Amino acid sequence: MTETAPDARTRPADIAPADLARDRFADLVRSVALGAVICGHWTMAAVSVDAGGALHVGNVLARARWAWPATWVLVLIGLFFLVGGFANATSLTRARARGLSSRAWVGRRLRGLFGPVVPFVVLVLAVVGIALLAGAPRGLTATVAVAVLMPLWFLAVYGVLVVLAPLGLRLDARWGWRVWIVMSVGAIAVDAVRIVTDVPWYGYLNYVLVWGLAQQLGFAYRDGRLTRVRAPALALWAAAGFGTMALLASTGEWSWSMVGLPGDRSPMNPPSTQALAHVWAQVPLALLARRALAGRLDGPRAAPLLDRVADASLRAFLWHLPLYVVVTALWFAAGWPFPEPASGVWWATRPVVLVVLGTLLVVLLGLPARLRRRRTPAA
């Protein structure tokens, strides 16, 4: 594809992201997607203390079924992988222009992705070991450790998609939208086999097919094929996607909640037909948002803020659950009461909880920079 500068008559919404020095809408989507995960985890964690003084952790959605449809909009996993596809295509195209091979690019990309993750995992495992040696309850400690490390599946799947990106780009260049159809049909077939056999392992292929589809759509977003779709068509596309989700959920085979809950088949683990429809429903919504926001994200106030948030989003994602665990442990150790999950008091205190945790997370992420400034001698 030949990249040309947009002419003055081109509307911002119609400019292909590949023609921009930096696509801040992609930065915004990635930040919002990861931010939704962070706020979702902080909100869904239902911490309670039983009559014997033991601490329990559950999911508030198990008690608040009325909130399940909200997950259709607030869970943004597909958009994370959409922007991941955009970023992979952009990075690989630039690397090839510098003479770097696809294999070398994959190596660099994976090192950059997992470099911050390895010390994080080592630290979490070390803390878990110390807690067990200190006499912490094994069951609760294991639950907390799994909860802290489980979100890393995002990055594991993204790592697989990085490896597949060169092949995906070749397929996209040759077959275009036909690849989307094949992957969608394949994902439905895999889910059907999983349901008929009741063997969840078959569904694991959909981690590649469903989230890989989102990556392929990210390739089309980068070169402008998706951004040229007009608003009425996007609205119909979104309506069809959400209508399909409602139809699937109404059969009872797929859940109304996009968050997996005890006793229900998770629509995301492994990704189901419902997750596939979720991708198809949310992508046009994101494109509609781009049409509304195009040209407003590069201003002198918005751009620097968005750049800082985007650059910190992965670190925030890594550390948000350890922060929650520490704050909860301190609260429990102090003997302060926890509101009954899903009660009126519990919901009324959620905004306060989010503000306090968000402030602490910002302070935590800023500590390394402040420590470096203190250690650097004045000129």
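Along the sequence shown, residues are numbered consecutively beginning with 1. Note that the structure is predicted; figures quoted are calculated from it, not measured. Just so you know, these numbers use all the heavy atoms, side chains as well, and skip hydrogens, waters and symmetry mates.
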Inset, instruction - Report yes or no: does Asp223 contribute a side-chain atom to a donor-acceptor pair with the main-chain N or O of Arg225 at less than 3.5 Å? - result: yes

Inset, instruction - Could you note down all residue pairs passing ring-ring contact (aromatic ring centres under 6.0 Å, His included) where residues 109-139 supplies at least one of them, sequence neighbours left out? - result: Phe120-Trp319

Legend entry - Heavy-atom neighbours of Arg108 CZ exceed 12 at 6.0 Å: no

Legend entry - Backbone of Ile38 reached by a side-chain donor or acceptor of His41 within 3.5 Å: no

Legend entry - Distance (rounded to the nearest 0.5 Å) between Asn88 CG and Leu169 CG: 8.0 Å

Legend entry - Side chain Trp331, main chain Pro337, donor-acceptor under 3.5 Å: yes

Legend entry - Validation row: Val47, His56 side chains within 4.5 angstrom (heavy atoms): no

Inset, instruction - Could you check if a side-chain atom of Arg96 sits within less than 4.5 angstrom of a side-chain atom of Ser102, using non-hydrogen atoms only? - result: yes

Inset, instruction - Kindly work out whether a path of hydrophobic side-chain contacts (I/L/V/M/F/W/Y, heavy atoms less than 4.5 Å apart) joins Leu123 to Val148. - result: yes

Legend entry - Close side-chain approach of Trp211 and Val160, heavy atoms under 4.5 Å: no

Legend entry - Residues which pass side chain to side chain contact (heavy atoms under 4.5 Å, CB included) with Val283, listed by chain and number, not counting sequence neighbours: Leu79, Leu82, Leu217, Leu226, Trp237, Val279, Leu287

Legend entry - Side-chain (Trp68) to main-chain (Ala62) donor-acceptor, under 3.5 angstrom: no

Legend entry - Partners meeting salt bridge (charged side-chain N to carboxylate O under 4.0 Å, His left out) with Asp298 (sequence neighbours left out): Arg24

Inset, instruction - Applying side-chain contact (heavy atoms from CB on, under 4.5 Å), run through Ser255 and Gln274 and close with a yes or a no. - result: CA-CA 8 Å; Ser255 175; Gln274 185 78 319; over 6 Å; no

Inset, instruction - Can you sort out the partners of Phe219 under ring pair (Phe, Tyr, Trp, His ring centres under 6.0 Å), two or more places apart, ordered by chain and number? - result: none

Inset, instruction - May I have the step-by-step check of side-chain contact (heavy atoms from CB on, under 4.5 Å) for Leu152 and Leu318, ending in yes or no? - result: CA-CA 8 Å; Leu152 295 183; Leu318 287 176; 3.5 Å; yes

Legend entry - Non-neighbouring partners of Ala231 that pass side chain to side chain contact (heavy atoms under 4.5 Å, CB included), sequence neighbours left out: Leu288, Arg291

Inset, instruction - Using atom types as modelled and distance alone, determine if a side-chain donor or acceptor of Asp50 lies under 3.5 Å from a backbone N or O of Ala54. - result: yes

Inset, instruction - Mind checking ring pair (Phe, Tyr, Trp, His ring centres under 6.0 Å) for Trp254 and listing every partner two or more places apart, or none if nothing turns up? - result: none

Legend entry - Aromatic plane relationship, Tyr207 with Tyr204 - under 30° parallel, 30 to 60° tilted, over 60° perpendicular: perpendicular

Inset, instruction - Take Thr71 and Trp256 through the test side-chain hydrogen bond (donor to acceptor under 3.5 Å, both in side chains) and record every step on the way to the result. - result: CA-CA 8 Å; Thr71 62; Trp256 286 91; over 6 Å; no

Inset, instruction - Please write out which residues are connected to Leu330 in a hydrophobic cluster, directly or through intermediates, given that two of Ile, Leu, Val, Met, Phe, Trp, Tyr count as joined at side-chain heavy-atom separations below 4.5 angstrom. - result: Val326

Inset, instruction - Compare all side-chain heavy atoms of Trp66 with those of Leu61 and state whether any distance is below 4.5 angstrom. - result: no

Legend entry - From CG (Leu34) to CG (Leu76), nearest 0.5 Å: 9.5 Å

Inset, instruction - Calculate, to the nearest 0.5 Å, the distance between atoms CE and CG belonging to Met150 and Leu321 respectively. - result: 11.5 Å

Inset, instruction - Using the test salt bridge (charged side-chain N to carboxylate O under 4.0 Å, His left out), find all partners of Arg228 that sit at least two apart in sequence or belong to another chain. - result: none

Legend entry - Results of side chain to side chain contact (heavy atoms under 4.5 Å, CB included) for Val179 - residues two or more places apart only: Leu171, Trp175, Met183, Gln216

Inset, instruction - Determine whether Gln215 and Phe86 make a side-chain contact, defined as any pair of heavy atoms from C-beta on separated by less than 4.5 Å. - result: no

Inset, instruction - Specify whether Phe81 and Trp153 have parallel, tilted or perpendicular ring planes, treating 30° as the upper limit for parallel and 60° as the lower limit for perpendicular. - result: tilted

Legend entry - Under 3.5 Å: donor-acceptor pair, side chain of Thr227, backbone of Gly224: yes

Inset, instruction - Assess whether atom CZ of Arg350 is packed by more than 12 heavy atoms of other residues, nucleotides or ligands within 6.0 Å. - result: yes

Legend entry - Sequence-distant partners of Phe242, ring pair (Phe, Tyr, Trp, His ring centres under 6.0 Å), two or more places apart: none

Inset, instruction - Check whether any side-chain N or O of Ser313 sits under 3.5 Å from a backbone N or O of Ser31 as a donor-acceptor pair, and report yes or no. - result: no

Legend entry - Beyond-backbone contact of Leu55 with Phe338, side-chain heavy atoms, under 4.5 angstrom: yes

Legend entry - Listed partners of Phe332 passing ring pair (Phe, Tyr, Trp, His ring centres under 6.0 Å), at least two apart: none

Inset, instruction - Quick one: pull up OG1 in Thr359 and CG in Leu364 and give me the separation to the nearest 0.5 Å. - result: 12.5 Å

Inset, instruction - Tell me, with the steps shown, if Leu314 and Phe154 meet side-chain contact (heavy atoms from CB on, under 4.5 Å). - result: CA-CA 11 Å; Leu314 179 58; Phe154 267 93; over 6 Å; no

Legend entry - Ser257 side chain to Trp72 side chain, donor-acceptor N/O pair below 3.5 angstrom: no

Inset, instruction - State, yes or no, whether a side-chain contact exists between Trp105 and Pro166 at a heavy-atom distance under 4.5 Å. - result: yes

Legend entry - Qualifying residues under salt bridge (charged side-chain N to carboxylate O under 4.0 Å, His left out), relative to Asp198, sequence neighbours excluded: Arg265

Legend entry - OG1 on Thr273 to CG on Asp191, rounded to 0.5 Å: 3.5 Å

Legend entry - Contact check, side chains of Ser272 and Asn206, non-hydrogen atoms, under 4.5 Å: no

Legend entry - Arg222 side-chain N/O to Gly218 backbone N/O, donor-acceptor pair under 3.5 Å: no

Inset, instruction - State, to 0.1 Å, how close Pro284 and Leu234 come at their nearest heavy-atom pair, and which atoms those are. - result: CB-O, 3.4 Å

Inset, instruction - Return yes if some donor-acceptor pair links the side-chain N/O of Ser91 with the main-chain N/O of Ala87 below 3.5 Å, else return no. - result: no

Inset, instruction - Taking Gln282 for its side chain and Val75 for its backbone only, find out whether a donor-acceptor pair lies under 3.5 Å. - result: yes

